[in-house]
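Structure record follows, encoded as structure tokens.
Order of listing sets the numbers, starting from 1, for every ligand and every atom in it.
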Amino acid sequence: MNPVPTERSRTIKTSLVLPPDTNHLGTIFGGTVLAYLDEVAAIAAMRHSGEAVVTASFDSVDFLTPVKEGDIMIVEAFVTWTGRTSMEVYAKVSSEKFPKGERRLTATSFITMVAVDEHGKPKPVPPVQPQTEEEKQLFETAPERQKLRKQRKRP
Ligand SMILES: CC(C)(COP(=O)(O)OP(=O)(O)OC[C@H]1O[C@@H](n2cnc3c(N)ncnc32)[C@H](O)[C@@H]1OP(=O)(O)O)[C@@H](O)C(=O)NCCC(=O)NCCS
């Protein structure tokens, strides 16, 4: 299979943070952020592979700064590396204050998506062709992260 440039999978979702996605402190629920991450990562993996995908795992997610009601939330994801049927997706959440436009990083995570056929059986995916420095660095360091995931999964 021909390598696919990272740019093809890059996916960005921009939303206005409003109730009912906020708690009594006026900040977004962590679970809502995870749902956005999952959706955007899935679209990135679908764009890369041209296949249906399922979420195999989330690496740890640290919420660095709160996203408040009235903020603009930006979730960005792209496929960094692939195995035979799995794709590592790097996803980043930031919040933007309106109208000043200041941006703060809220969370980052690596999410593993697996391409599957109509029976849910894993299917091969094309490799990634990284282009920017960030994409190349994430591509080169991915096998080590995948090794740790395999160790973690072992009972
Ligand atoms: C993910 C899933 C398709 C893997 O199927 P499987 O029969 O275990 O297949 P394999 O062991 O061959 O794994 C397939 C690929 O997934 C990867 N994988 C499986 N579990 C993983 C995990 N926890 N973290 C990272 N990668 C994982 C394997 O390393 C392999 O990658 P490779 O082909 O690139 O080498 C299967 O476990 C599944 O359907 N899980 C439920 C997915 C789902 O419903 N998610 C939504 C939330 S419940």
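- At a threshold of 4.5 Å between non-hydrogen side-chain atoms, the residues F58 and L34 count as touching.
- Residue contact check: P122 has heavy atoms under 4.0 Å from atoms 5 (O), 9 (O), 14 (C) of ligand 1.
- By the 4.0 Å heavy-atom criterion, Q146 is counted among the residues contacting ligand 1.
- T11 places a side-chain N or O within donor-acceptor distance of the main-chain N or O of S9, the cut-off being under 3.5 Å.
- At the shortest separation from atom 18 (N) of ligand 1 among protein heavy atoms lies A56 CB, 4.3 Å.
- Closer than 4.0 Å to atom 26 (N) of ligand 1 lies at least one heavy atom of the protein.
- Close approach to V114 involves these atoms of ligand 1, each under 4.0 Å from a residue heavy atom: 16 (O).
- Remark: atom 36 (C) of ligand 1 lies closer than 4.0 Å to no protein heavy atom.
- In the vicinity of T112, heavy-atom distances shorter than 4.0 Å reach the ligand 1 atoms 25 (C), 26 (N).
- Atom 19 (C) of ligand 1 has K153 NZ, 3.6 Å as its closest protein atom, hydrogens excluded (heavy atom only).
- Counting heavy atoms closer than 4.0 Å to ligand 1, residue K150 contributes side-chain atoms (C-beta onward) but none from N, CA, C or O.
- Under the 3.5 Å distance criterion, with hydrogens and angles disregarded, no donor-acceptor pair is assigned to the side chains of R149 and S57.
- Heavy atoms from both the backbone and the side chain of R84 come within less than 4.0 Å of ligand 1.
- Between L148 and the choices R145, K150, Q151, the side chain to side chain contact (heavy atoms under 4.5 Å, CB included) rule is met once, by Q151.
- The N/O atoms of S57, backbone and side chain alike, include one that comes under 3.5 Å of an N/O atom in ligand 1.
- For atom 10 (P) of ligand 1, the nearest protein heavy atom lies 4.0 Å or farther away.
- Protein heavy atoms are absent from the space less than 4.0 angstrom from atom 48 (S) of ligand 1.
- At distances below 3.5 Å, not a single donor-acceptor pair connects side-chain atoms of R84 with backbone N or O atoms of P122.
- Counting heavy atoms from C-beta outward, L105 and K92 have side chains that approach closer than 4.5 Å.
- Looking at heavy atoms from C-beta onward, V128 lies out of side-chain contact with F78 at the 4.5 angstrom threshold.
- Between the choices V125, D38, T85, the shortest heavy-atom distance to atom 33 (O) of ligand 1 belongs to T85.
- Contacts between S86 and ligand 1, counted as non-hydrogen atom pairs separated by less than 4.0 Å, involve both the backbone and the side chain.
- Shown here, atom 23 (N) of ligand 1 is in close reach of the protein: a heavy atom of it lies under 4.0 Å off.
- For the pair R8 and P5, the minimum side-chain heavy-atom distance is below 4.5 Å.
- In this structure the side chain of R10 reaches within 4.5 angstrom of the side chain of E135, judged on heavy atoms.
- P126 approaches N2 most closely through the heavy-atom pair CB-O, 3.4 Å.
- Inside a 4.0 Å radius of atom 42 (C) of ligand 1 there is at least one protein heavy atom.
- Without hydrogens or angle criteria, T80 side chain to E88 main chain gives a donor-acceptor distance under 3.5 Å.
- Under a 4.0 Å heavy-atom criterion, M87 is not in contact with ligand 1.
- Residues R103 and I74 are in side-chain contact: their nearest non-hydrogen atoms beyond the backbone lie under 4.5 Å apart.
- Given atom 2 (C) of ligand 1, the protein heavy atom at minimum distance is V54 CG2, 4.6 Å.
- For the pair R152 and ligand 1, the shortest N or O to N or O distance does not fall below 3.5 Å.
- Here the side chains of M113 and D38 are in contact, with some heavy-atom distance below 4.5 Å.
- Within a 4.0 Å radius of atom 15 (C) of ligand 1, the protein has at least one heavy atom.
- Within the 4.5 Å cutoff, the side chain of T27 has no heavy atoms near those of the F63 side chain.
- Against a heavy-atom cut-off of under 4.0 Å, G83 is close to the following atoms of ligand 1: 34 (O).
- Protein heavy atom in closest approach to atom 46 (C) of ligand 1: T55 O, 4.0 Å.
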